[in-house]
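What you see below is based on every heavy atom in this structure, not just the backbone, and it leaves out hydrogens, waters and symmetry mates. All chains are named by letter (A, B, ...) in the order of the sequence lines, taking the proteins before the strands, and each is independently numbered beginning at 1.
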Number of protein chains: 4
Amino acid sequence: MPKLDETTQRARREHILDAAEHCFAREGFHRTSMQDICREAGVSPGAFYLYFSSKEDLIAGICEREKTALAQALASVAEAPDFMAALSQLGQTYCLEEPREKLRLHLEINAEAMRNPAIGHNVRAIDDFVAKSFERLLSDAKAKGRINPSADEATIAQIISILGDGLYLRRALDPEFDGKACMPVILSLISSLIGPVAEGTENSDKALKTDPVQVE
Amino acid sequence: MPKLDETTQRARREHILDAAEHCFAREGFHRTSMQDICREAGVSPGAFYLYFSSKEDLIAGICEREKTALAQALASVAEAPDFMAALSQLGQTYCLEEPREKLRLHLEINAEAMRNPAIGHNVRAIDDFVAKSFERLLSDAKAKGRINPSADEATIAQIISILGDGLYLRRALDPEFDGKACMPVILSLISSLIGPVAEGTENSDKALKTDPVQVE
Amino acid sequence: MPKLDETTQRARREHILDAAEHCFAREGFHRTSMQDICREAGVSPGAFYLYFSSKEDLIAGICEREKTALAQALASVAEAPDFMAALSQLGQTYCLEEPREKLRLHLEINAEAMRNPAIGHNVRAIDDFVAKSFERLLSDAKAKGRINPSADEATIAQIISILGDGLYLRRALDPEFDGKACMPVILSLISSLIGPVAEGTENSDKALKTDPVQVE
Amino acid sequence: MPKLDETTQRARREHILDAAEHCFAREGFHRTSMQDICREAGVSPGAFYLYFSSKEDLIAGICEREKTALAQALASVAEAPDFMAALSQLGQTYCLEEPREKLRLHLEINAEAMRNPAIGHNVRAIDDFVAKSFERLLSDAKAKGRINPSADEATIAQIISILGDGLYLRRALDPEFDGKACMPVILSLISSLIGPVAEGTENSDKALKTDPVQVE
DNA sequence: AATGAATGAGTATTCATTCAT
DNA sequence: TATGAATGAATACTCATTCAT
C-alpha cells in the first residue's frame with residue numbers, strides 16, 4: 001500500500017475531474033451516473049473512490065480548479081495598464097468565447113450549490129474572490145488616478161459581477177443569444193461607472209459600437 | 001355527473017403546483033420525489049397523475065404561472081407614466097423582495113432547461129416574452145419622445161434582462177448579498193441608456209467623456 | 001334502486017364482454033387496463049363493477065359464452081347425417097376461419113387458466129364438454145353402424161380435441177401457417193380412426209383433398 | 001482482475017434462468033415480480049441486471065435453452081435407426097414425462113409471444129427449427145427407403161408438430177388428462193402417414209389403403 | 001492501488017378497485 | 001343505477017457506493 005507519489009495522484013485526480021466536467025456539462029449532474037464518469041475517465045468505480053470521497057466531492061474539485069483559473073485570469077487583469085481593456089478582454093474570454101459546455105456546467109454547479117452547503121461555500125468563495133479582486137483592481141486604479149475617485153469600488157465590483165453572471169446565464173439558456181451585440185454597451189456602462197478614461201486609449205472607441213446615452 | 005367543475009379542477013392544479021414549487025425550491029428537482037410532492041400537496045400519487053402527466057409537466061406548469069405573473073407585472077409597467085419609476089418598482093419586487101425560495105426554484109428550472117428540451121422551450125419562451133415586452137415599452141416611450149430616439153430597443157431590453165438575471169442569480173447564491181445597495185446604481189445605468197438625447201452631439205464620443213454617474 | 005330488468009342487464013353484460021374480448025385479444029389480459037375496457041365499452045369504471053365482480057370475472061364470462069357457442073356448433077354436428085362432413089365443417093370454421101384475434105384470446109385464456117382456479121375450472125369444463133360431445137356423436141354413429149365398432153370413442157374424441165388444439169395453437173403462433181394444407185390430411189387421419197365411411201356420401205370426396213386412408 | 005471467469009458467469013445466468021422458470025411456471029410471467037425472481041435466485045436486483053437486460057430478456061434466455069435442448073433431442077432421433085421408435089421416445093419424454101411445471105411455462109411463453117415481437121420471433125424460431133428438423137429426418141428416411149416416397153415431408157412435419165402441441169396443451173390444461181392412452185394411437189396415426197410403400201402402386205393411393213395401425 | 005461484481009434502497013408511474021355524489 | 005375522482009400498493013429498473021480479491 002505504498003501511496004502513489006503526489007504528482008501521479010494529482011494527475012489522476014485532474015484526469016477524473018476532466019471526465020466529470022464533460023459528463024456534467026453534457027448530461028447534468030443528476031443525469032450523470034458514476035459509471036458514466038468512470039467510463040469517461042477509464043477508471044474503475046473502486047479506483048474512483050480512492051481519489052474522491054463522493055459524487056458531490058467532484059463538484060468541490062471542479063470549483064477548486066475554477067478558482068485557480070480565475071485567479072490567474074484576474075491576476076493578468078491586475079497587471080494590465082488599462083483596466084477597461086483588460087476587462088473587455090476578460091468579458092470576451094469568459095462571457096463570449098467560453099464554450100457553451102462550460103456554461104452548462106456552471107449552471108449545474110450553481111443549482112447544486114443551493115442544496116449542498118459545502119458546494120455553496122465553494123461557490124460563494126469564488127464569487128467573493130472575484131468581487132474582492134475587482135475591488136482591489138479598482139482601488140489600485142483609483143490610487144493611480146485612473147478612475148473617478150468618487151466611485152464606490154465595492155458596488156462597482158458587484159455590478160461587474162452581476163453583469164458577468166447575467167451574460168453568462170443568458171448565453172447558457174439561449175443558444176441564439178448574441179453576446180457580441182451587448183458587450184460593447186455593457187463595457188461602456190461599466191466605463192461610465194468608473195469615470196473618465198485617459199484619452200487616446202484604444203478601448204473606448206473599440207468597445208463601443210452602440211451610441212451611448214448621455215447621463216444626467 | 002360529479003365531474004369536477006372547472007374551477008375546482010384548476011384550484012387543485014394550483015395547489016399541487018404550490019406544493020411542487022416548495023419542494024423543488026427546498027430540495028431541487030431531482031432530489032424531490034413524487035412522494036414528497038404528493039405528501040406536501042396532500043394528494044395520492046394516483047390523484048397527482050390526474051392533474052399532471054409527469055414530474056416534468058410540473059415545471060411546464062410552473063413556467064406557465066410565471067409567465068402569467070410576469071405578463072401582469074409588465075402590463076402594469078406599460079401603464080405607468082414614468083418608465084424608470086415603473087422599472088424601479090419591478091426591480092424592487094422581482095429582484096429584491098422575491099423570497100429566496102423563488103430564486104432557488106428559478107435556478108433549478110434554469111438548470112433543468114439545459115437538458116430537457118421541453119423545459120428549455122418554456123424558459124426561452126418566458127425570456128423572449130420579457131425581452132419583447134421591454135422592447136415594446138421602450139418603443140412606446142420613444143414614440144412619446146420620452147427616451148433617446150437613437151437608443152436601440154432590442155439591445156437595451158437585453159441589457160435590462162441581463163441585469164435582472166444577474167441580480168437574481170446573485171441573490172440566490174449569496175444569502176448575504178444586499179441588492180439594495182446595487183439597485184440605484186443599476187437603475188441609473190439603465191436610465192443613462194435610455195436617457196434624453198443630448199442635442200446636436202455625436203453621442204458616442206460625447207457619452208464616454210462626460211462625468212460618470214454619481215453613485216449615492 | 002329498482003334493478004334493471006333482466007334483459008337490459010344481460011345486454012349490458014354482453015356489451016362489456018364484447019369490449020373485453022377485443023381488448024384482451026388485442027393487448028392480452030395483463031396489458032389491458034380496466035380503463036381500456038371501460039373506454040371500449042363506453043361504461044364508467046363504477047358501472048363496470050355493477051356487472052362484473054373483477055377483471056378476472058370477465059374471463060369467466062367469456063368462457064361461458066364460448067361454451068354456449070360451442071354447444072350450438074356441436075349440436076349442429078349431432079344433427080348432421082355425415083359425421084366426417086360435419087367435422088370437416090367444424091374444423092373449417094373453428095380452426096381455419098376463426099379470426100386470429102380469437103385465437104389470441106384463446107391463448108390468453110389458457111394461460112390465465114393455469115393460475116386462476118375458477119378460470120381453470122371453466123376451461124376444463126368446456127374441454128370436457130367438447131370431448132363428451134364428440135364421444136356421444138361417435139357412439140351414435142357407431143350405433144347407426146356408420147363407424148367402425150371397434151373404435152374407442154373416448155380416445156378418438158381426445159385425439160380430435162388434440163388435433164383441434166394443436167391447429168388452433170399453431171395458427172395463433174405463426175401468422176404464416178397455412179392450415180388449409182394440413183386440414184385434409186388431418187381429416188383423413190380422423191377418418192381412418194373411425195373406420196369405414198358409408199360410400200356415396202359427399203363428404204369423403206369433398207372434405208378430403210388428399211387421398212384418405214383406408215381404415216379396415 | 002477478479003473479472004468473473006466465463007464459466008461462473010454462465011453458471012450464474014443458468015441459475016437465474018432456473019429461478020425465473022420456476023417463478024413463471026408457478027405464477028405466470030406477469031404475476032411474477034423481479035423481486036420474486038431475485039429472491040428465488042438469491043440474487044440482488046442490481047446483480048440480476050448484470051446478467052440480463054430486462055424481464056423480457058429472461059424469456060429469450062429460456063427459449064434459447066429450450067432450443068438447445070430440443071436440438072439435442074432431435075439429433076438423437078436423427079441417429080436412431082428406427083424413426084418411429086425414436087419419435088415414440090420423443091413423445092414419451094416431451095409430452096408425457098415433461099413435468100407439468102414446464103408445460104405451464106410453455107403456455108405462458110406462448111401467450112407472451114403474441115404481444116411481444118421479440119419473444120414471438122424466438123418462439124417461431126424454435127417451432128421452425130423443430131419443423132425443419134422433422135422434415136430433414138423424414139427426407140433422410142425417405143432416401144433410405146424407409147418411408148413412403150410419396151409422403152410430403154413438410155406436411156407430415158407440420159402434423160407431427162400439431163399433434164405434439166395439442167398433447168402438450170392438453171396436459172397443461174388438464175391435470176387429469178392421461179396422455180398414455182392417446183400416445184399409441186397418435187403414433188400409429190403418424191406411422192400410417194409415413195408408412196412403408198406398397199410396391200408397384202401409385203403410393204399416395206396405396207399408402208392410404210393399407211391397413212391402419214392396430215391400436216392396442 | 002486497483003478491480004468490477006455485488007448491493008439494496010430508491011424512483012416515477014400504473015392500475016384494479018372504491019365510494020361520495 | 002351511474003359517475004369518475006381518488007386511492008395507494010405494487011412494479012421494473014437504476015445507481016452511488018462497498019468490498020473481496
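- The separation between B:His30 atom NE2 and F:dT14 atom P is 17 Å, rounded to whole Å.
- For the atom pair CZ of B:Arg124 and CG of B:Asp127, the computed distance is 9.0 Å after rounding to the nearest 0.5 Å.
- Near DNA chain F, meaning a heavy atom under 4.0 Å away, there are no residues from residues 31-40 of chain B.
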(request) Dot-bracket for DNA chain F, please, read 5' to 3', with Watson-Crick or G-U wobble pairs under 3.5 Å on both distances, ( ) within the strand, [ ] crossing, | other strand, . unpaired. (result) .||||||||||||||||||||

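- Near-neighbour residues of DNA chain E inside residues 44-55 of chain B, defined by a heavy atom below 4.0 Å, number-ordered: B:Pro45, B:Gly46, B:Tyr49, B:Ser54, B:Lys55.
- As rounded to whole Å, 14 Å separates atom C1' of F:dA16 from atom CD1 of A:Ile59.
- Evaluation of the side chain to side chain contact (heavy atoms under 4.5 Å, CB included) rule for D:Asp18 yields D:Arg65 as partners, not counting sequence neighbours.
- In this structure, the side chain of B:Thr32 does not engage the main chain of B:Glu27 through any donor-acceptor pair within 3.5 Å.
- Listed by residue number, D:Arg12 are the residues of residues 6-22 of chain D with a heavy-atom contact under 4.0 Å to DNA chain E.
- Using modelled atom types, no side-chain atom of A:Ser53 and backbone atom of A:Tyr49 make a donor-acceptor pair closer than 3.5 Å.
- Pairing each heavy atom of D:Arg13 with each of D:Tyr51, the nearest pair is NH1-O, 3.0 Å.
- Here F:dT11 presents its C1' atom at 12 Å from CZ of D:Phe29, a figure rounded to the nearest Å.
- With sequence neighbours excluded, the residues forming a side chain to side chain contact (heavy atoms under 4.5 Å, CB included) with D:Thr8 are D:Leu4, D:Asp5, listed by chain and number.
- Listed by first then second residue, pairs satisfying salt bridge (Lys or Arg N to Asp or Glu O under 4.0 Å) with a partner in residues 42-61 of chain B number zero, not counting sequence neighbours.
- Residues satisfying the ring pair (Phe, Tyr, Trp, His ring centres under 6.0 Å) criterion with A:His106, sequence neighbours excluded, are A:Tyr168.
- In terms of the side chain to side chain contact (heavy atoms under 4.5 Å, CB included) criterion, residue partners of A:Cys63 (sequence neighbours excluded) are, by chain and number, A:Ile59, A:Ile109, A:Asn122, A:Val123, A:Ile126.
- Judged by distance alone, the side chain of C:Glu108 and the main-chain N or O of C:Phe29 form a donor-acceptor pair under 3.5 Å.
- Among residues two or more places apart in sequence or in another chain, the ring pair (Phe, Tyr, Trp, His ring centres under 6.0 Å) test is passed with C:His30 by D:His30.
- By the side chain to side chain contact (heavy atoms under 4.5 Å, CB included) test, D:Ala41 is found to be paired with D:His15, D:Ile16, D:Ala19, D:Val43, residues two or more places apart in sequence or in another chain being considered.
- Residues satisfying the salt bridge (Lys or Arg N to Asp or Glu O under 4.0 Å) criterion with B:Arg39, sequence neighbours excluded, are B:Asp36.
- Taking atom CG on A:Asn116 and atom C1' on F:dA16, their separation rounds to 15 Å, with Å as the unit.
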